[in-house]
Protein chains: 2
Amino acid sequence: MATPRQMKLGAFLMTDGHHVAAWRHPDGRPDANVSLDHFVRLARLAEAAAFDALFLADSSGVRDTAVASLSHTSRAVGFEPLTLLSALSAVTERIGLVATASTSFNEPYNLARKFASLDLLSGGRAGWNLVTSSSEAEAQNFNAERHAAHADRYDRAREFAEVVSGLWNSWEDDAFVRDRDSGLFFDPGKLHVLHHHGRHFRVRGPLNVARSAQGHPVIVQAGSSEAGRELAAATAEAIFTAQATLEEAQAFYADVKGRLARYGRDPDHLKIMPGVFPVVGRTEEEAQEKFAILQERIHPVVGLSLLGTTLGGADLSGHDVDGPLPDLPETNGPKSRQKLLIERARRDALTIRELYLAIAGARGHWQVVGTASQIADQLEERFRGGGADGFNVMAPHLPGGLEDFIAGVVPELRRRGLFRDAYEGRTLREHLGLPRPAHRAPRPQPRAAAE
Amino acid sequence: MATPRQMKLGAFLMTDGHHVAAWRHPDGRPDANVSLDHFVRLARLAEAAAFDALFLADSSGVRDTAVASLSHTSRAVGFEPLTLLSALSAVTERIGLVATASTSFNEPYNLARKFASLDLLSGGRAGWNLVTSSSEAEAQNFNAERHAAHADRYDRAREFAEVVSGLWNSWEDDAFVRDRDSGLFFDPGKLHVLHHHGRHFRVRGPLNVARSAQGHPVIVQAGSSEAGRELAAATAEAIFTAQATLEEAQAFYADVKGRLARYGRDPDHLKIMPGVFPVVGRTEEEAQEKFAILQERIHPVVGLSLLGTTLGGADLSGHDVDGPLPDLPETNGPKSRQKLLIERARRDALTIRELYLAIAGARGHWQVVGTASQIADQLEERFRGGGADGFNVMAPHLPGGLEDFIAGVVPELRRRGLFRDAYEGRTLREHLGLPRPAHRAPRPQPRAAAE
Ligand SMILES: Cc1cc2nc3c(=O)[nH]c(=O)nc-3n(C[C@H](O)[C@H](O)[C@H](O)COP(=O)(O)O)c2cc1C
Ligand SMILES: Cc1cc2nc3c(=O)[nH]c(=O)nc-3n(C[C@H](O)[C@H](O)[C@H](O)COP(=O)(O)O)c2cc1C
């Protein structure tokens, strides 16, 4: 009998939690962003619950340059994801370790190597969340005045992914014979030198890291533009995404899965995992109270800044938060979201504070506030209804929010046969139900392809 | 009473050992280069002996492109140092963690960030061994046909170190107030944005990692050319170096320490640690036997390749290893070493095999073969004789060679008061006797400095 399809679950470890005021939570740890033991505890918690993976976002710099609001959040500093996950690889056994890293601010050789190394350190549990990054502030840490145009970033990203994948195929799985008697360490016929000559990169290879138990790290993708979806269809094995409603989730799911056939790929070999921001209570009322603990702690300067960003970069500083939204000049942010929000403010006569509270919780991700069984219902609906293969759990605050999810929602999902009781496999690919990639010798490229 | 001056000891973890045939040692682990548990064992061994630091070399690629000899060594693949040390940071408490990383193939923001992150993960135990790299094969993994010229590499390295150091000063030590009640996370006045505009780099900052218990990672340097020494005098806090004889060591030591005054630096704030390759036996005879176990296992194709490289790139393949050294065409390698070796071969009528065995052991580093007390004598002589502040112990094979050193030589050094019995401090700086750097606000540079 075939095993029924089960959800994949990622634990998105946003340091002290996904909620912008999480660091002020009475049970929280304001020093979470410099405390390895905080992350060790979270990793063990998620691993004990048999989560597929830990997931870390990344930013190659401090994105927010408005110091007044930034200084009222805990987001300016934190561990770098690859070093943190490497540390966690030594104190965990099974859970997957997915780090975000940008194709815009790295060299493919360095990135391929570090992820391959993490993959070996962890016994085949690494994943790379490929992003192209979208902030100017990051670009300014890498010799640029402004970030490259969207299309150029994706052009670089495509070639970057190709180089990384080629480097991960430098050595066949059984290349290393390690024969002490004859003195032969590897079979020269099983070494493949890449010789990549492309538009953005020129990389000889081979990689100086061997393949891992899962072949190579799982490729995750998080861009959702047309170019991002297409790159995901071509190369990604999991997608981390943000859809607030069931309809949006279904549309995204159908669209991306529908693109795989053109690349000769099985739609089941790309797992789509939207983010979910769950606030779990024993009663609905308790859940709302838990949410309020966080909402009340959003400092007005932070709320104004979040709202301003959502309104396309409007500067709201100086306005009375308990007064109405002022008339705003046109900005060049995303128009539709901006318009909807302004209409809502006018219609419901919301104050600025009410308006920023309405958007500040999950910030664009799917927010579910309720009992464990209500939340399980909603996850099940999206999972069975063609909206998701699993979810990236964005605990509002940590460790509390993750503990609540594990104590309440996970058992409920298990009762319904929707989530595993224990790990069956050892590698991240095995957890996710992804095939182990056979070694694919890189095709040497003719020099002409360089121009 | 002042504590008498004591040696610093680093454990250079060259995967299976510094000897090129170490992987074939009967007690060795041919799979050392893919086994985290091997390194965990080594780290704990060195930490139990109160070594100052673990030290990892690095190469941004497979340097040796001659596959016939490469395939008879274990050097082509291994863990990437920063990921490996991050993993080890989670399973050690006190020992320093020094990784090599190149200024030629990294971006300063990424490097500053990863080392700062390791420094925080480990509670202030990180060190960065700055190298400029010298192999073409590495450069070819980073969009270049050939490596940049020596002077240009050092010009970049100087500016690179300046940027890294500036980024490590982005936040004052007490910037993070984390006041849950007021909602203020950091004091905006204690954030310093770098705004670096230089010849090679343009980096806005600030770094998105806080300072650590030791301020920032210890800067180590390993280049020994004129430019390398000068860079060390200006910026390094430790030097890892290679001197085969006492006289060379003394000359190097006096030269480098003599340069510090010009930078207003205390010579004691730069620790000079030559490598030492020790083969320890209960008797001299046993030590020689231990050495022979390794020497016998050098595959001729590897021996020929090592000799060819030492002779400035000569191709000796095809020559009878038990015959004499053939006449060699001129190469453009280092002339003096080449000439000495050829003269020696002629004078002593050495075969090719005898000649490669003579150079294959420590490969340019200081080789000591003897009893624990003989080795301690020699270390003491260099330490007291103005040749070293400590040593980087390059165990011939691992873990055996390190175990021998710790069981034999370390107690002997302790009896003489030359090495600590246990850690007194917690950070790498404390172990090395280096001052904790006070926060130094980066000076904003005028744009004009960019050209
Ligand atoms: C759910 C989600 C999570 C993301 N996480 C990150 C991240 O951690 N770091 C980052 O630089 N970009 C992140 N991104 C941004 C994108 O991956 C992408 O680089 C950017 O949005 C531009 O691509 P796009 O236009 O295709 O969306 C994330 C995007 C989504 C939808
Ligand atoms: C003892 C010692 C160890 C070194 N270790 C490394 C290393 O691990 N990786 C590397 O790329 N270069 C290493 N180097 C090379 C140098 O640091 C330097 O980049 C290169 O030799 C050119 O500098 P120089 O001309 O000043 O010596 C080492 C050099 C010495 C002397």
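Chain naming here is simple, since letters A, B, ... match the order of the sequence lines and numbering starts at 1 in each.
- Side-chain contact between B:Phe79 and A:Leu120 is present, with at least one heavy-atom pair separated by less than 4.5 Å.
- A donor-acceptor contact shorter than 3.5 Å links the side chain of A:Asn208 to the backbone of B:Ser59.
- The side-chain heavy atoms of B:Ser71 and A:Asp187, taken from C-beta on, include no pair separated by under 4.5 Å.
- For the residue pair B:Asn143 / A:Glu107, a side-chain donor-acceptor distance below 3.5 Å is found, with atom types taken as modelled.
- Interface remark: of the candidates B:Ser89, B:Gly123, B:Ser122, B:Gly28, B:Gly28 forms the most heavy-atom pairs closer than 4.5 Å to chain A.
- Between the side chains of B:Thr83 and A:Ser117, a donor-acceptor pair is found at a separation under 3.5 Å.
- Neither the backbone nor the side chain of B:Pro108 comes within contact range of chain A; no heavy atom of the residue lies under 4.5 Å from a heavy atom of that chain.
- When heavy atoms are compared at a cutoff of 4.5 Å, B:Leu85 does not approach chain A at all.
- Nearest approach of B:Val67 to A:Pro188, heavy atoms of both residues: CG1-CB, 3.4 Å.
- B:Val209 approaches A:Gly78 most closely through the heavy-atom pair CG2-O, 3.6 Å.
- Heavy atoms of B:Ser212 lying under 4.5 Å from chain A are absent altogether.
- The two residues B:Ser60 and A:Arg113 make their nearest non-hydrogen contact at CA-NH1, 4.0 Å.
- Across all non-hydrogen atoms, the minimal contact from A:Ala76 to B:Phe186 is CB-CE2, 4.0 Å.
- Using a 4.5 Å heavy-atom cut-off against chain A, the contacting residues of residues 167-178 of chain B are B:Trp171, B:Phe176, B:Arg178.
- Your options are B:Val163, B:Val34, B:Val301, B:Leu88, and the one with the most heavy-atom pairs under 4.5 Å with chain A is B:Val34.
- The part of B:His299 that comes within reach of chain A is its side chain, from C-beta onward, which places non-hydrogen atoms under 4.5 angstrom from that chain.
- Ranking A:Leu82, A:Asp31, A:Leu191, A:Val40 against chain B, the residue ahead of the rest is A:Asp31, based on heavy-atom pairs under 4.5 Å.
- Interatomic distance, A:Gln140 CD to B:His195 NE2, rounded to the nearest 0.5 Å: 9.0 Å.
- For the pair A:Ala90 and B:Ala87, the tightest heavy-atom approach, listed with the atom from each and the gap, is CB-O, 3.3 Å.
- At least one donor-acceptor pair under 3.5 Å links the side chain of A:Asn110 to the backbone N or O of B:Phe105.
- Contacts with chain A were tallied for B:Arg75, B:Arg204, B:His25, B:Glu80; B:Glu80 has the most, counting heavy-atom pairs under 4.5 Å.
- In this structure, CG on B:Leu84 lies 11.5 Å from CG on A:Leu118, to the nearest 0.5 angstrom.
- The main-chain N or O of B:Phe142 is never found under 3.5 Å from a side-chain atom of A:Arg202 such that the two would form a donor-acceptor pair.
- Looking at heavy atoms from C-beta onward, A:Arg180 lies out of side-chain contact with B:Arg297 at the 4.5 angstrom threshold.
- Note that NE2 of B:His72 is 4.5 Å distant from CG of A:Leu184, once rounded to the nearest 0.5 Å.
- Separating the CZ atom in A:Arg24 from the CZ atom in B:Phe185 is a distance of 12.0 Å, to the nearest 0.5 Å.
- Using a 4.5 Å cut-off between heavy atoms, B:Val91 contacts chain A through its side chain alone, with no backbone atom that close.
- Heavy-atom distances place the backbone of B:Asp179, and not its side chain, under 4.5 Å from chain A.
- The closest donor-acceptor contact from the side chain of A:Asn141 to the backbone of B:Gly205 lies under 3.5 Å.
- Within a 6.0 Å radius of CZ in A:Arg353, other residues, nucleotides and ligands contribute more than 12 heavy atoms.
- Among the candidates A:Val203, A:Asp37, A:Leu36, the residue making the largest number of heavy-atom pairs closer than 4.5 Å to chain B is A:Val203.
- The minimum heavy-atom distance linking A:Leu207 with B:Val77 is given by the pair O-CG1, 4.4 Å.
- Contact count against chain B (heavy-atom pairs under 4.5 Å) is highest for A:Gly61 among A:Ala210, A:Gly61, A:Ala144.
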